[in-house]
4 protein chains.
Amino acid sequence: MGRPSNTEQRRAEIREGLLAVMSERGYGGASIAAIARAAGLRSGLVHYHYESKLAILTGLVEDLAAGLDARYRARCSADDSSDERLMTFIDAHVATGPDADQRAVRAWITVSAEALHQPEVRTLYVAALEQRHEELKRLFASALKQRGRSTRKASELAAAVSAAIEGTFHIASAAPHLIPKGSAARTLRRMASGLLDGTDA
Amino acid sequence: MGRPSNTEQRRAEIREGLLAVMSERGYGGASIAAIARAAGLRSGLVHYHYESKLAILTGLVEDLAAGLDARYRARCSADDSSDERLMTFIDAHVATGPDADQRAVRAWITVSAEALHQPEVRTLYVAALEQRHEELKRLFASALKQRGRSTRKASELAAAVSAAIEGTFHIASAAPHLIPKGSAARTLRRMASGLLDGTDA
Amino acid sequence: MGRPSNTEQRRAEIREGLLAVMSERGYGGASIAAIARAAGLRSGLVHYHYESKLAILTGLVEDLAAGLDARYRARCSADDSSDERLMTFIDAHVATGPDADQRAVRAWITVSAEALHQPEVRTLYVAALEQRHEELKRLFASALKQRGRSTRKASELAAAVSAAIEGTFHIASAAPHLIPKGSAARTLRRMASGLLDGTDA
Amino acid sequence: MGRPSNTEQRRAEIREGLLAVMSERGYGGASIAAIARAAGLRSGLVHYHYESKLAILTGLVEDLAAGLDARYRARCSADDSSDERLMTFIDAHVATGPDADQRAVRAWITVSAEALHQPEVRTLYVAALEQRHEELKRLFASALKQRGRSTRKASELAAAVSAAIEGTFHIASAAPHLIPKGSAARTLRRMASGLLDGTDA
DNA sequence: TATGAATGAGACTTCATTCAT
DNA sequence: CATGAATGAAGTCTCATTCAT
């Protein structure tokens, strides 16, 4: 009895509304009213499903992190080599294919700025960076091992590629003309290769 | 006759106030009152010297860009080789030395997010990215030439290093534990070397 | 389901608040806080029902114009002669009867001044003047026709009476002692008669 | 010794500045800074010569009243008949000749609105209305006497013409297309004639 | 006289959040 | 669940006035 709860769907609609508004106007420009409008809801409803505006943001951060991860997994094949997996990881993050989501990238940049002074956001943002770092470290370690080299530098290499990915988001969003033709993926792949095969200096 | 103008100093104090507050609380959290407090001024005075809050921000963006450039120039020597200059450029941007300014880095991140939806900020942010790109391209071209290699890829390599620098700002600010010991500079140097000496694939 | 809307009533209360304050202190003196106080509302509510202070003013201008029109219609009888209707029109505008509203007259004067530099107000003020002009022109044309005279000058006569009405508002509000005993209506009626029966010079 | 005071000229410049700004933006839009700018002065100087913004306004009101009076006197000839003088008075107020000053008319309208709630302004505005009324009464009395009629109604007729003049200011400023071709002067002249020669009803 | 900095009150407006229906 | 009114704090900005130089 009673109608079935539609809360989870409503919550998703609200997060989607925040994504839409925030990617256009930033977090400060995303008023509850604007979020509701973008979601096709009445503004009074937002606080019924979310206790606060910050809670919507943290929910969205989880969506964004999950989205990147899903994009990576969708591109993986079971029989990929270590090197292939590494390249796939890079592509999943910076390639401008049909599944690229400019809104998500813009929102992610906003999140990275909010993370600086909102502890709840920072926690999730850092967790996402850590997860990315771990995966990259794993991939680099595999690739190094395959080359018969020490995996000692895997973490360092992961940090470099992770930083390049994060930075590519900014440059691609604000100054796409500075991104080499054919997307940034190719350059980042080369960078990873250079790191893998360079001297241990 | 008349009172001597102190506007330039006051404007500098106000920008410094914005830097202080913004690096702690973001642009949205930097109210005029807070900026004035940080600058030791009464809030009414802020709008006497700056027409709007946005004007303070754009002024600060120019400061930040100029600061990075100055840091680089201060580290250059006249007799640096191409490779040395490239490494110096990287160090100037990501090394955590005594002249590093965490506040500036945090503020820069905030700026990069504001640039997404504030045209005036975007213009300056993009100009800074372009300037960085040009300098890196020049440095890579020199270094490649010295190796007797084509400079065709100089722009691409510049984009990769520029992205890595920008991304390092984020990781260093939000998740410093993911930055390899001894700063990110070493890793980025290695990345640049790898790019310089890698195959042209 | 949901709460019934009371926006129309609230908006009317707010316009009434503006009328009350503006007639005492002018438009500049009518702060949102003062309007809210006069309307018995909390000031935050004003901008929930009206997007801006200017929007309240334009709403009020429409009220005032409609009020004058209603006053005229209420005094009309179906079997009035042309001359009677003309006199009724004048009375409705300048007679000081029990339905006269000093506040409305004072507010109207304020509106006429604001119209000089606020396009939205000007549009409505001019529309009201045009409507008054048209009605007077019609009435004069009828009265002239009845006298077997040309209606060529009807518009000109309308302009004169319309101006006299507008001017009477000012004199009655600022210097009522200059208004002849028994109200200005008698004098304006005589003026209309003189214009109707004068030579065509 | 000491330089000769230029206060009176400065005060005139400031009043002229207020006239310029007020006719464009109203009294509320006439900030001290804007007045100074229009007058070619620095804003700090304004309060040296005028104790308050209101004092500038009252000074300007006197200018405006004096200007209208001067315009009338300049058009009078010593040997004018009573009727001619009356027509000259009307022309001096509403004719659109080369000496007409649209700015002054717009400023006068603003003054008439401010008079409603600023006692100092009201005093001067009412005084100007009274002076106009007295002059018109005198002129009507003369003209009536010449016709061998009672001067009993002179004040009433003065009130009607005075109102028509004031109202013409508004219509000419806000809706000039409602003013009959060839200026309002002709119509007001006819109105005066009609009042002079009409029945005493 | 003249300049321009400084002050502080107050303006309009936005908005997250609460709550009655 | 849903709606929309209501609240109050806070934000940016304007400005008349005062004052040091």
Side-chain angles (χ1 to χ4, degrees), chain A residues 2-7 9-10 28-36 41-56, chain B residues 1-11 27-36 41-56, chain C residues 1-11 27-36 41-56, chain D residues 2-7 9-10 28-36 41-56:
Chain A
R3 58 190 138 178
S5 169
N6 60 355
T7 286
Q9 186 192 334
R10 283 278 185 264
S31 67
I32 294 288
I35 294 168
L41 305 173
R42 302 312 182 79
S43 64
L45 197 54
V46 173
H47 274 86
Y48 182 83
H49 293 291
Y50 269 108
E51 59 176 349
S52 72
K53 191 179 156 184
L54 183 56
I56 312 174
Chain B
M1 191 171 49
R3 189 171 173 167
S5 175
N6 63 350
T7 285
E8 252 331 305
Q9 186 193 332
R10 283 280 184 266
R11 286 170 68 100
Y27 184 62
S31 69
I32 297 289
I35 294 169
L41 305 173
R42 301 310 189 81
S43 65
L45 195 54
V46 173
H47 277 94
Y48 179 80
H49 291 291
Y50 268 110
E51 59 179 347
S52 70
K53 188 181 161 183
L54 182 56
I56 311 175
Chain C
M1 193 170 47
R3 189 171 173 167
S5 175
N6 63 349
T7 285
E8 252 330 305
Q9 185 192 333
R10 282 279 183 265
R11 286 170 68 100
Y27 183 62
S31 67
I32 296 289
I35 294 168
L41 305 172
R42 301 310 190 76
S43 66
L45 195 54
V46 173
H47 278 93
Y48 179 79
H49 292 291
Y50 268 110
E51 59 177 347
S52 71
K53 189 181 161 185
L54 182 57
I56 311 175
Chain D
R3 56 191 140 178
S5 171
N6 60 356
T7 286
Q9 186 193 333
R10 282 281 185 265
S31 67
I32 295 288
I35 295 168
L41 304 173
R42 302 311 182 80
S43 65
L45 197 54
V46 173
H47 274 87
Y48 181 83
H49 293 290
Y50 269 108
E51 58 176 350
S52 71
K53 191 179 156 184
L54 183 56
I56 312 175

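Excluded from the calculations below are hydrogen atoms, water molecules and symmetry mates; all remaining heavy atoms, backbone and side chain alike, are included. Each chain gets a letter, A, B and so on, in the order the sequences are listed, and its residues count up from 1.
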* Base, sugar-phosphate alone, or nothing: which one does D:Ser52 contact when heavy atoms must sit under 4.0 Å apart? -> sugar-phosphate
* Structure fact -> Rounded to whole Å, CZ of B:Arg42 lies from C1' of F:dC13 at a distance of 18 Å
* Structure fact -> All heavy atoms of B:Ala36 vs all of B:Arg42, minimum pair found to be CB-C, 4.0 Å
* Can you give the dot-bracket line for DNA chain F, using ( ) for pairs inside the strand, [ ] for pairs that cross earlier ones, | for pairs with another strand and . for unpaired bases, where Watson-Crick and G-U count if both distances are under 3.5 Å? -> .||||||||||||||||||||
* Asked: Rounded to the Å, how far apart are B:Arg11 CZ and E:dA5 P?
  -> 11 Å
* Asked: If you look at every strand shown and take non-hydrogen atoms under 4.0 Å, does D:Leu45 touch a base, only sugar-phosphate, or nothing?
  -> base
* N/O (side chain, B:His49) to phosphate O (OP1/OP2, E:dA6) under 4.0 Å -> yes
* What nucleotide among E:dC15, E:dT18, F:dA2 has an atom nearest to a side-chain atom of A:Ser31? -> E:dC15
* **Candidates D:Thr7, D:Ile32, D:Ile56, D:Ile35 - the one meeting side-chain contact (heavy atoms from CB on, under 4.5 Å) with D:Tyr50** => D:Ile56
* **5'-most by nearest nucleotide on DNA chain F - C:Gly44 or D:Gly28** => C:Gly44
* To do: Output yes when at least one side-chain N/O atom of B:Arg10 is less than 4.0 Å from OP1 or OP2 of E:dA6, else no.
  => yes
* C:Ile32 CD1 to F:dG8 P: how many Å, rounded? -> 17 Å
* For C:Ala30 and for D:Tyr48, locate the closest nucleotide of DNA chain E by heavy-atom distance; then report the residue assigned to the nucleotide nearer the 5' terminus. => D:Tyr48
* To do: State, to 0.1 Å, how close C:His47 and C:Glu51 come at their nearest heavy-atom pair, and which atoms those are.
  => CD2-O, 3.5 Å
* Asked: Considering heavy-atom distances to DNA chain E, does B:Ser43 or C:Leu54 have its closest nucleotide positioned more toward the 5' end?
  -> B:Ser43
* Asked: Phosphate oxygens OP1/OP2 of E:dT1: is one of them under 4.0 Å from a side-chain N or O of D:Thr7?
  -> yes
* To the nearest 0.5 Å, how far apart are NE2 in B:His49 and OG in B:Ser5? -> 7.5 Å
* **d(OH, D:Tyr50; P, F:dT18) in whole Å** => 17 Å
* Structure fact -> Taken to the nearest whole Å, NZ/C:Lys53 to C1'/E:dG10 is 12 Å
* Between C:His47 and E:dT14, is there a side-chain N or O to OP1/OP2 distance below 4.0 Å? -> no
* Asked: Is there a side-chain polar atom (N or O) of A:Asn6 under 4.0 Å from OP1 or OP2 of F:dA2?
  -> yes
* Structure fact -> B:Ser43 and B:Ala33 have their tightest heavy-atom pair at CB-CA, 4.3 Å
